[in-house]
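In listed order, ligands and their atoms are each counted from 1.
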Amino acid sequence: MIKPVIAGNWKMNKKVTESIELVKNLKTLVEDINQVDIIVCPPFTSLYPVSEIIKGTNIQLGGQNCYLKESGAYTGEIAPQMLLDVGCQWTIIGHSERRQYFSETDSLLNQKLKYVVETGLKIMFCVGETLDEREGNQTESVLRRQIIEGLRDLTAEQMKNIVIAYEPVWAIGTGKNATKEQAQEAHAFIRSLIEREFGKSTAENVPIQYGGSVKPENAQELISQPDVNGFLVGGASLKADSFAQIIKACI
Ligand code: PEP
């Protein structure tokens, strides 16, 4: 049985005071929950104050992205070591918004994964097809390319620190989630790819999160699917109440 991993991706939302308020409320609402891993991914500017509030609690901290160097002349970038330094255990890599708006390619993401996994940060690696790709019957070929090229040359040992997030782009921020059948089908396909690349044991143990308009109303039916092992939540993680309800639906 894979322990569900539920992460809130706050994206470019919440100033410091708002972040503090949100995480304080969340902390109270999910206080006794240890059956799932709970992660919040605030914007970089809020990481430190949030980390101070969640110290010693069941809430873990993640970055939304990072670069593949420890330090140097990379204006605007953040090193994985800086995320660790501020209290993160996790980072997201390859979110579709990074792929779409910041031209992050499979090859760059592969370099990031190989570098970041060696720093000790755990990674939520995002994959997913666009609406055009789904309508053109390309879902499987897109997922195959993103998984094979993104995870190229990683080892089964390194995969222990990687979670896959299946996020169909057409479902992100649109209010239109994948059905439980669509999610299960894609997750099972991803797991089969992982098995082919890394073996049965890795495939059986890798958590695969679903992301795309997860809300309290649909969380339970999605998490009831055998290959759905958690969520990456955008909009609904911006309110403590709705994020806590999603977490509780996974217990
Ligand atoms: C996301 O940003 O990863 C996401 C899934 O967003 P939303 O839940 O708002 O669709």
More than 12 heavy atoms of other groups within 6.0 Å of Gln158 CD: yes
Carboxylate-amine/guanidinium contact Arg99 Glu104, below 4.0 Å: no
Residues forming a ring-ring contact (aromatic ring centres under 6.0 Å, His included) with Phe125, sequence neighbours excluded: none
NZ/NE/NH1/NH2 to OD/OE distance under 4.0 Å, Glu204 and Lys200: yes
Side chain to side chain donor-acceptor pair (under 3.5 Å) between Asn65 and Lys112, worked out: CA-CA 10 Å; Asn65 179 38; Lys112 283 194 180 192; 2.8 Å; yes
Whether Tyr166 and His187 hold their rings parallel, tilted or perpendicular, with breakpoints at 30° and 60°: perpendicular
Proximal protein residues to ligand 1, non-hydrogen atoms under 4.0 angstrom: Asn9, Lys11, His95, Glu167, Ala171, Ile172, Gly173, Gly211, Gly212, Ser213, Leu232, Val233, Gly234, Gly235
